[in-house]
S.K.: 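Pasting a structure below so you can have a look.
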Amino acid sequence: MSESTNKTPSALSDTQDVYSSPYEEVNGCLCKVHITKQGNFYVRLCNFAPKIVSELTIDDGTELTRKYRIGGVDEYGRPLPEFEIDATELEKMDWLHNHLDASLDLEIIPQVEKHVRHAMKSTARFATKKSIFTFTGWKQVNGKWEYLMPGVGVYDVQLQGKQKRYFLDADVKDFDYAELAGFFRLDLIPMEITYPCLALVFLSPLNEFLRQIGHEPKFILTLLGRTGSMKSTVAALMTSFFGSFSATDLPMSFRDTANSITHSAFSLKDVLTCVDDYHPTGRKESESMKAIMQTVARGYGDRAARNRLTPEITLREARPPQGNVIVTAEFAPDIGESGTARLFCIEMKPGQIDLPHLTELQERAAKGQLTHMMYAYTEWLKETYLCDDDRYARFLEMLAEEYQNERACWRATLRENKVKFHDRIPDTLACLQLGFNYVMGFMLHSGVLMQRDVDEITERFNTIMFNHAANQSKAVEQDRPTHIFIRKLLAMLDCGQVCVVPASEGDGILPSGCLGYEDEEYYYLFFESTQRAVKKFCDDQGEGFTISTKALGKALADEGFINTDTGENTRTMRFGSKTKRVLLLRKDMVEKVMGI
């Protein structure tokens with residue numbers, strides 16, 4: 001029951017002066033003051049005095065939300081345990097039962113909840129104001145570009161779960177820039193592995209600006225190798241430029257849900273992350289991991305995210321991946337030609353890496369030397385290109401021109417060397433080249449490399465990247481539906497699961513599993529039966545082959561695998577006394593695919 005008194009309050013606490021009239025704290029209780037001719041009467045609203053201690057503004061990269069930190073005292077003068085609530089929760093008063101002891105309650109008087117809520121809001125003018133960022137990377141704050149990371153600057157960056165391992169060490173007074181140069185000079189890890197990985201590391205802080213000029217990286221660096229090849233260890237070493245990671249504690253894995261990976265990929269802006277351990281061991285696990293790989297490939301490869309609705313049935317702001325990623329896998333994921341085109345694969349083998357030297361690098365990472373390097377690099381970017389609006393505008397223009405030039409150079413190089421490439425490969429190479437160029441510029445500026453050193457390292461880098469690009473082009477080509485169709489068809493023919501008979505024996509009875517005829521020049525295939533047989537063969541092996549007969553026929557025609565002199569993909573032909581509609585698959589093209 002509420003209490004009422006006209007006595008002067010006998011005990012005041014530090015909450016006494018924070019409430020606006022007509023509310024006061026009396027003996028640890030929130031009261032409403034009634035002023036009458038007979039004097040002031042104090043009506044108790046609750047047996048504690050709650051107040052807003054701090055007002056938090058949460059910036060998640062797309063939306064601003066508010067939270068209140070609630071504190072106060074109870075009627076015995078004991079401090080209330082402080083807790084945070086969403087701003088909307090203050091209206092409902094559910095926080096009272098969710099966060100406070102059952103002995104703390106409201107009095108039974110009319111509109112008591114409104115009075116308590118109004119009194120609490122009046123304390124907000126004394127609350128500390130704080131902005132919290134729940135993402136990393138570049139953001140303009142108060143007109144200046146800041147690289148948001150835990151451990152850097154005056155801005156509060158709060159990450160969740162495994163993301164808490166991300167930080168930069170701003171204490172660079174004893175930083176030795178020669179340590180970074182050593183990564184490019186020493187062959188502690190084969191350069192074929194370190195160079196593209198390091199290019200991706202130092203490309204990551206450029207993502208924001210590449211996005212602004214319409215050339216955000218759209219690929220996934222994939223380390224391939226069987227168990228023992230140290231791929232997870234290398235991935236951990238590279239992500240340790242942005243925090244503290246080990247081979248057993250990487251930011252994400254294929255055991256995580258697709259939704260958690262998508263959420264993390266958005267928050268981890270302008271940094272490098274890793275999705276570890278693609279190695280399905282059974283059919284069910286294979287389907288699950290393949291689905292997650294498709295999510296990762298489409299997210300980072302297209303910088304796209306699923307549209308979602310708010311409870312008010314309005315579209316939420318899209319949340320695509322904003323950083324870069326390394327994927328580790330025991331073998332190349334079977335995600336089709338377009339999916340493979342989004343990967344940039346580097347093969348690793350057991351025994352390639354000098355373990356004592358690798359241990360030395362891991363010890364450096366554990367001491368924070370790699371985070372020192374990244375902090376120094378981002379500070380150099382800020383001071384050199386982002387310190388005022390004019391330099392920033394020129395930087396964007398320069399970056400766009402550099403990207404276009406690098407892409408054009410790589411396209412020309414691949415064509416001159418007769419490498420058949422997917423259109424994505426020059427884009428990938430241009431992005432990695434930019435990451436490499438900017439870290440070279442940083443070390444040149446720092447004085448740890450001379451121009452001749454940069455030229456020598458650049459020549460090695462270009463050779464390594466060309467070889468990777470050639471290998472990636474072959475991998476993409478092998479994942480074309482036409483190539484899969486031909487390889488699977490030949491595999492079934494070799495094992496006797498299906499057969500074709502000589503065209504000269506057209507009058508004979510066709511055996512079970514016969515898919516058509518052949519002569520020296522062509523396979524004459526019953527196309528729909530052949531497509532169904534290949535699909536079943538792939539399904540039995542746990543592989544997908546979802547292309548329709550019509551789309552497959554068009555692809556075979558476009559790539560010159562079949563004879564289309566009649567203007568159609570199939571034609572009616574006579575074999576002995578029989579008339580059949582067949583697809584004419586060229587044997588010379590089949591031999592090229594099979595490497596015969």
Side-chain angles (χ1 to χ4, degrees), residues 1-60 64-134 150 154-160 164:
M1 182 177 293
S2 63
E3 296 180 1
S4 168
T5 178
N6 62 352
K7 296 179 181 179
T8 302
S10 59
L12 304 179
S13 75
D14 61 358
T15 61
Q16 172 69 42
D17 297 328
V18 300
Y19 298 104
S20 295
S21 179
Y23 304 103
E24 290 184 18
E25 183 257 307
V26 179
N27 298 327
C29 300
L30 178 61
C31 298
K32 183 174 184 294
V33 183
H34 290 274
I35 302 175
T36 68
K37 291 181 180 179
Q38 290 77 28
N40 294 348
F41 286 83
Y42 296 82
V43 178
R44 192 167 75 175
L45 301 176
C46 53
N47 61 349
F48 61 101
K51 66 175 181 176
I52 298 175
V53 177
S54 57
E55 188 173 349
L56 312 175
T57 302
I58 314 297
D59 185 345
D60 70 357
L64 295 179
T65 57
R66 292 188 183 280
K67 288 189 175 184
Y68 299 135
R69 188 164 187 81
I70 307 300
V73 296
D74 66 11
E75 61 183 328
Y76 301 106
R78 296 174 302 195
L80 298 179
E82 293 189 2
F83 56 92
E84 290 180 9
I85 61 172
D86 290 333
T88 54
E89 289 185 65
L90 187 64
E91 303 295 323
K92 300 176 183 178
M93 297 295 289
D94 289 341
W95 54 267
L96 172 61
H97 310 294
N98 292 335
H99 296 281
L100 294 180
D101 188 88
S103 64
L104 302 175
D105 207 351
L106 307 181
E107 299 294 340
I108 306 175
I109 59 176
Q111 298 186 324
V112 64
E113 291 184 353
K114 290 184 178 180
H115 284 298
V116 172
R117 184 168 58 247
H118 185 67
M120 289 179 66
K121 283 189 172 181
S122 72
T123 69
R125 66 191 189 279
F126 298 106
T128 59
K129 307 294 192 258
K130 190 175 183 181
S131 293
I132 297 174
F133 301 93
T134 60
V154 298
Y155 302 103
D156 190 356
V157 181
Q158 295 185 10
L159 305 177
Q160 303 297 318
K164 290 181 179 179

S.K.: Atom NZ in Lys32, atom CG in Leu45: separation rounded to 0.5 Å?
M.R.: 8.0 Å

S.K.: Give a yes or no answer on whether the side chain of Asp94 reaches the backbone of Glu89 with a donor-acceptor pair at less than 3.5 Å.
M.R.: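 Between the backbone of Glu89 and the side chain of Asp94 there is no qualifying donor-acceptor contact (under 3.5 Å).
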
S.K.: Do Thr123 and Val53 touch side chain to side chain, with heavy atoms closer than 4.5 Å?
M.R.: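 No, too far: nothing below the 4.5 Å cut-off.
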
S.K.: Taking salt bridge (charged side-chain N to carboxylate O under 4.0 Å, His left out) as the test, write out the residues that go with Lys114, two or more places apart.
M.R.: none

S.K.: Please walk me through it: do Leu104 and Asp74 pass side chain to side chain contact (heavy atoms under 4.5 Å, CB included)?
M.R.: CA-CA 8 Å; Leu104 302 175; Asp74 66 11; 3.9 Å; yes

S.K.: For a 4.5 angstrom cut-off between non-hydrogen side-chain atoms, does His118 reach Tyr23?
M.R.: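 Contact flag for His118/Tyr23 side chains = yes.
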
S.K.: Does any non-hydrogen side-chain atom of Glu25 lie less than 4.5 Å from one of Tyr19?
M.R.: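 Yes, side chains in contact.
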
S.K.: Just jot down the side chain to side chain donor-acceptor pair (under 3.5 Å) partners of Asn98, sequence neighbours excluded, or say none.
M.R.: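 Scan of Asn98 (side chain to side chain donor-acceptor pair (under 3.5 Å), adjacent residues dropped) gives none.
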
S.K.: Return the OG to CG distance between Ser54 and Leu56, rounded to the nearest 0.5 Å.
M.R.: 4.5 Å

S.K.: Where is the tightest heavy-atom contact between Leu100 and Phe48, given as atom of each residue plus distance?
M.R.: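 Closest pair (atom of Leu100, atom of Phe48, distance): CD1-CE1, 4.0 Å.
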
S.K.: Step by step, work out the side chain to side chain donor-acceptor pair (under 3.5 Å) result for Thr88 and Asp86.
M.R.: CA-CA 5 Å; Thr88 54; Asp86 290 333; 5.0 Å; no

S.K.: How close do Asn47 and Ser103 get, heavy atom to heavy atom, and via which atoms?
M.R.: ND2-O, 2.8 Å

S.K.: Shortest non-hydrogen contact from Pro50 to Val116?
M.R.: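 Minimum heavy-atom separation between Pro50 and Val116: CG-CG1, 4.3 Å.
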
S.K.: With sequence neighbours left out, write down each residue that passes salt bridge (charged side-chain N to carboxylate O under 4.0 Å, His left out) with Glu91, or none if nothing qualifies.
M.R.: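 Per chain and number, Glu91 pairs via salt bridge (charged side-chain N to carboxylate O under 4.0 Å, His left out) with Arg117, Lys121.
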
S.K.: Could you list the residues that satisfy ring pair (Phe, Tyr, Trp, His ring centres under 6.0 Å) with His34, not counting sequence neighbours?
M.R.: none

S.K.: How long is the span from the CZ atom in Arg69 to the CD atom in Glu82, to the nearest 0.5 Å?
M.R.: 5.0 Å

S.K.: Quick check: closest heavy atoms across Glu55 and Ala124, and the distance to 0.1 Å?
M.R.: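 Minimum heavy-atom separation between Glu55 and Ala124: OE1-CB, 4.3 Å.
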
S.K.: Compare all side-chain heavy atoms of Cys46 with those of Val112 and state whether any distance is below 4.5 angstrom.
M.R.: no

S.K.: When rounded to the nearest 0.5 angstrom, what is the spacing between CD1 in Ile58 and CD1 in Ile132?
M.R.: 4.0 Å

S.K.: With rounding to the nearest 0.5 Å, note down the distance linking SG in Cys29 to CZ in Arg44.
M.R.: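 Reported to 0.5 Å precision, the distance equals 4.5 Å.
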
S.K.: Could you tell me which residues satisfy side chain to side chain donor-acceptor pair (under 3.5 Å) with Asp60, sequence neighbours excluded, listed by chain and number?
M.R.: Thr62, Arg319

S.K.: Atom CG of Asn40 and atom CD of Glu24: how far apart are they, to the nearest 0.5 Å?
M.R.: 7.5 Å

S.K.: For Lys130, enumerate each residue passing the side chain to side chain donor-acceptor pair (under 3.5 Å) test, keeping only those at least two apart in sequence or located in another chain.
M.R.: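 Here the qualifying residues are Asp156.
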
